[in-house]
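The structure appears below as structure tokens.
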Amino acid sequence: MEKKVASFNEYEIFMADKSCLNEIADFVVRENYAHHLVHLCS
């Protein structure tokens, strides 16, 4: 379960419990890969 802690403009911060860890890890890996892929293709 996620609980919204704060927000500012287009950013939101959530507090998550253990049930969200897999989703968070998947997001981090995908974003990291995409970030590095852009630099490799430049």
Side-chain angles (χ1 to χ4, degrees):
M1 175 175 226
E2 297 175 351
K3 178 182 172 186
K4 190 177 191 180
V5 176
S7 61
F8 181 76
N9 292 334
E10 71 270 10
Y11 299 101
E12 295 178 330
I13 299 172
F14 290 86
M15 183 177 291
D17 62 12
K18 291 178 184 180
S19 68
C20 298
L21 290 179
N22 192 41
E23 181 183 352
I24 294 167
D26 185 55
F27 170 80
V28 170
V29 170
R30 283 186 286 113
E31 290 297 314
N32 190 42
Y33 177 77
H35 173 76
H36 287 284
L37 189 60
V38 169
H39 291 289
L40 290 173
C41 295
S42 301

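Listed by first and then second residue, the side-chain hydrogen bond (donor to acceptor under 3.5 Å, both in side chains) pairs that reach into residues 14-25 are D17-S19, sequence neighbours excluded. Among residues at least two apart or in separate chains, salt bridge (Lys or Arg N to Asp or Glu O under 4.0 Å) pairs with a member in residues 24-39 are D26-R30.
I24 forms part of a hydrophobic cluster together with F27, V28, judged by ILVMFWY side-chain heavy-atom separations under 4.5 Å.
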Report, one line per pair, each donor and acceptor closer than 3.5 Å where one atom sits in a side chain of residues 9-16; sequence neighbours left out.
residue: E12; atom: OE2; partner: K4; partner atom: NZ; Å: 3.0

